[in-house]
Amino acid sequence: MIRQRLFRYAVYRNMFLSFILLTAAMIALVTVVLFMMFSWSTAKEVGKISESMLKQNSAVSSVIRDQVYNVGNLLLSDKEIVGVLLDKETDPVKQYGVFGTLNRIQSTYPFIHSIGIYNGSNNTYLNTKGITKDQEKALLEEINRKNTSYFHLFPRRISSATSANRSEDVLTFVLLPSYYSPLSSKGAIVINMSTDTIQDLIGGYRNEAVDSLHVIDDKGTIITHSDRSRFMEDISQESYVQSILASDKESGYFTRSIDGRKSLVTYVKSKDMNWTFISVSQYQNLLFNMQALRTSALVLALACFAVSMFLSIWLTHHAYNPIRHLLEKMSAIPKVKDRRQINEFAILDMTYAEMTEKMRSMESEASVARQAHVLQLLKGGDETAFRRLAGEGKGPYFLAVALLLDSEDGSPGGEDEELQSYACAAVARAAQHMLELEGASVAAVGDGTVAILLPMKQSRPPLHVLGMLEELQGEILRTLRVSVTVGIGTAAQTYEELRESFDCAQSCFRQRFFEGKGRLFQADPVIIAVTEPSEAQYPDKREKRIIDAIKLQQSDKLEKEIDQWIKEIRDYNYHEVMFFINQFIGGLYKQLNVHTVKNRESADLFLGFTRRITRFQTLQETADALKELALQLCSLSEESGAVRHAEVVDFIQMYVRKHYARPDMSLEQVAGEVKLSRSYVGKLFKAHCELSFNDYLNAVRLEKARELLASTEDSVQSISEQVGILNTTYFYTLFKKHYQISPAQFRSQHAIETKKAQ
């Protein structure tokens, strides 16, 4: 019984498959949970191992610092080099000797890219790679400005001495001997170390599981990276870098989404230099030895699936009973011996269709009678009249063409009916005269429309006929000063096809609304046959932006938003577009509260627009009218809204300064206080204060925190909570970003300044 229903009944089979799919989803959920548990455990162990290995690599900074100090001491122990640093005048002979000494020292240390000696007294610079003083101008100016310590580091990109178009990535270590000795304060030793050397020293740590391995300074600038092209890139805005720089721990690891992929980030901060060693590993590459987990998950999945099979059969059998009873009452189901598959819904649909057809059978004759009484051919003819026309024609096909008079005020042919009739008659005569040799029949059918019937020998209109129609447009415009839109229907061989062809020709006029007046549109029978109604979606978000722009008097933005709104509805059909336009006007009327007595002038603008809306012949005319209406509304609301806006902003500022310590302070809460929407208040505040609400709130909190740091001895965590920021790490990051120093540094600096002032 169950097997028979599965293979024979479509609904029964679909219900059973649905239960099976539900079971598969449950099994997948169990598998995912097991995988997540295993991956979490693996990531934890790998993080500890990565941290341990990265600590070993952080010793590279100590090695580099010691080597740079060794080279500096070696240079300062050489009398010739010291002499060049002290000379007031340039001595080429000494410089030549020093150049040789520098080359020998460089050859002793292969990790050195080049060594330079700078004497600020006589403004000379020697470099083992031949790099000139002009090429090092920026570095030398930086050296002259800095004399606060013996050791300085500058990551930079220098031009190659062999080719001006090439550049090399180096870490420049600058030693200022004058800091510890009586040497000239303008003298300096420049040691350039290739970043390749550092990458080679730490690159042994990288493996297939590590996505990137890099070193940054305390400002978030890359010192070296496994991807050489990212040298000196500022990554301080990356969330994982901010977390590392804000952390007080010397090492650690955590997971973070980087470039849309979950990754394990491990870091170690150097004790000797302000470097931080960071490794980033894709989370998916950390999982190894999954066979045991897969086997366990597979066994569990098979067991669950076996149980679910029996459960699905039981549920399907009981859920299908109501449908089976309905089929037995409404229709005759084929016997069991009949092996054909049965679609229960199709049987029900056919049964209902037969019942409906019986009810409509009485209306069919009346419908045929109404169609037979259409006016001669297009508005009142019959099959006999069509056969007579076909007997007089030059070909087996006929083409229906419709001409629509374009007016300046929007109504076809103008508001004056007599003038419209005269214009239609004149256009009909002009068309008859020009197309007479083609055997055309022309007639004015009313409402500013002229019909043309053209006999043809083929199913497609000849090119010369299309050219004649375009020439007819130009002739009517020149002689009658009337613009005409042309719609071309499909080829017809029967009376019914001819009427359909004329309907297609008239339906082409809807394209005029989107593409403009005075054009020629041709119906495509293939597109007409396959076109289905689209699921129109009204651009309500764009409408909201337009309303906000009117309220905020943003005229420039208002026109752009209306253009975008028109662009979003352009792809829909004519009726949908007209519906959207009416919905848009209704939304403006409601949201701007123009129905109140005090906004009577705005209400008059809406009334005038609705009276003219049916006269708009093109979408561009409609768009221009909408812009004009919106700008007028914007102008009317500017005077009354300016004072109200200023009051709202002042209230918000006072409210924030009074309640800044509340952790739940938000834009949504403040919007509720002033009885306005959250998005509108956000835009209004930013327009008046030139910064967002959150930025203003953070500025007030940081200012209060600064006062507490200076006047109390409370901990940073306590002060952070007092100003409404419960996350101390986030407070630390905000304070340092706003004032360029940490809270502890500010407190120390303020204490020193206070002591000096006393």
Side-chain angles (χ1 to χ4, degrees), residues 513-516 534-596 599 601-642 644-646 648-649 667-668 671 674-695:
F513 185 77
F514 299 98
E515 301 184 31
S534 60
E535 185 177 348
Q537 295 182 354
Y538 180 73
D540 49 357
K541 293 183 179 179
R542 188 69 62 182
E543 176 192 304
K544 188 175 182 300
R545 296 179 184 175
I546 294 173
I547 293 173
D548 289 344
I550 293 176
K551 292 180 178 179
L552 295 173
Q553 294 90 45
Q554 297 173 333
S555 303
D556 296 338
K557 181 180 179 181
L558 184 60
E559 294 192 23
K560 294 179 181 178
E561 291 293 342
I562 292 179
D563 287 336
Q564 289 296 321
W565 185 85
I566 293 294
K567 184 178 179 181
E568 291 184 15
I569 68 172
R570 182 179 291 274
D571 294 335
Y572 296 110
N573 62 47
Y574 173 80
H575 297 293
E576 291 171 339
V577 170
M578 293 303 297
F579 175 77
F580 286 164
I581 292 174
N582 283 282
Q583 184 175 350
F584 176 73
I585 295 301
L588 288 184
Y589 187 86
K590 180 179 179 181
Q591 293 296 327
L592 297 178
N593 296 319
V594 299
H595 54 280
T596 57
N599 290 326
E601 189 173 355
S602 299
D604 292 339
L605 291 177
F606 277 95
L607 181 61
F609 182 87
T610 54
R611 288 174 177 173
R612 293 185 294 120
I613 192 171
T614 56
R615 298 184 181 180
F616 299 140
Q617 297 186 4
T618 65
L619 187 59
Q620 186 58 47
E621 290 181 3
T622 308
D624 294 339
L626 286 174
K627 290 180 183 178
E628 180 182 357
L629 174 64
L631 290 174
Q632 289 175 336
L633 292 173
C634 184
S635 177
L636 290 176
S637 63
E638 182 175 2
E639 296 181 1
S640 60
R644 167 62 178 162
H645 293 166
V648 170
V649 172
L667 179 59
E668 185 174 359
V674 295
K675 304 298 187 295
L676 295 173
S677 68
R678 178 183 179 278
S679 60
Y680 178 70
V681 171
K683 295 177 181 179
L684 175 64
F685 193 89
K686 190 168 185 179
H688 280 256
C689 300
E690 298 183 353
L691 76 164
S692 67
F693 172 80
N694 286 334
D695 290 342

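The figures here come from the full heavy-atom set of this structure, side chains too, leaving out hydrogens, waters and symmetry mates.
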### Task
Tell me, please, which residues at least two apart from Asp695 pass side chain to side chain contact (heavy atoms under 4.5 Å, CB included).
Leu691, Ser692
## Note on the structure
For Asn582, the side-chain hydrogen bond (donor to acceptor under 3.5 Å, both in side chains) test, sequence neighbours excluded, returns none
### Any residue meeting salt bridge (charged side-chain N to carboxylate O under 4.0 Å, His left out) with Glu543, in chain and number order, not counting sequence neighbours
none
### Task
Would you please name every residue forming a side-chain hydrogen bond (donor to acceptor under 3.5 Å, both in side chains) with Gln583, sequence neighbours left out?
none
### Task
Only counting residues at least two apart or in another chain, list the ones meeting side-chain hydrogen bond (donor to acceptor under 3.5 Å, both in side chains) with Asp563.
Lys627
### Task
Check side chain to side chain contact (heavy atoms under 4.5 Å, CB included) between Leu667 and all other residues, then give those that pass, not counting sequence neighbours.
Arg678, Val681, Phe693
### Message
Holding to salt bridge (charged side-chain N to carboxylate O under 4.0 Å, His left out), I want the full list of residues that pass it with Glu568, two or more places apart in sequence or in another chain.
### Response
Arg542
### Query
How would you list, by chain and number, every residue that makes a salt bridge (charged side-chain N to carboxylate O under 4.0 Å, His left out) with Arg545, sequence neighbours excluded?
none
### Message
Using the side chain to side chain contact (heavy atoms under 4.5 Å, CB included) criterion, which residues pair with Lys544? Sequence neighbours excluded.
### Response
Asp548, Ser679
#### Entry: Partners meeting side chain to side chain contact (heavy atoms under 4.5 Å, CB included) with Phe514 (sequence neighbours left out)
Arg570, Tyr574, Val577, Leu619
### Query
Heavy atoms, side chains only, cut-off 4.5 Å: are Leu626 and Ile546 in contact?
no
### Task
Could you check whether the rings of Phe584 and Trp565 sit parallel, tilted or perpendicular, using 30° and 60° as the cut-offs?
tilted
### Task
Taking atom NZ of Lys686 as the centre, report whether more than 12 heavy atoms of other residues, nucleotides or ligands fall under 6.0 Å from it.
no
### Exceeds 12 heavy-atom contacts within 6.0 angstrom, atom CD of Glu668
no
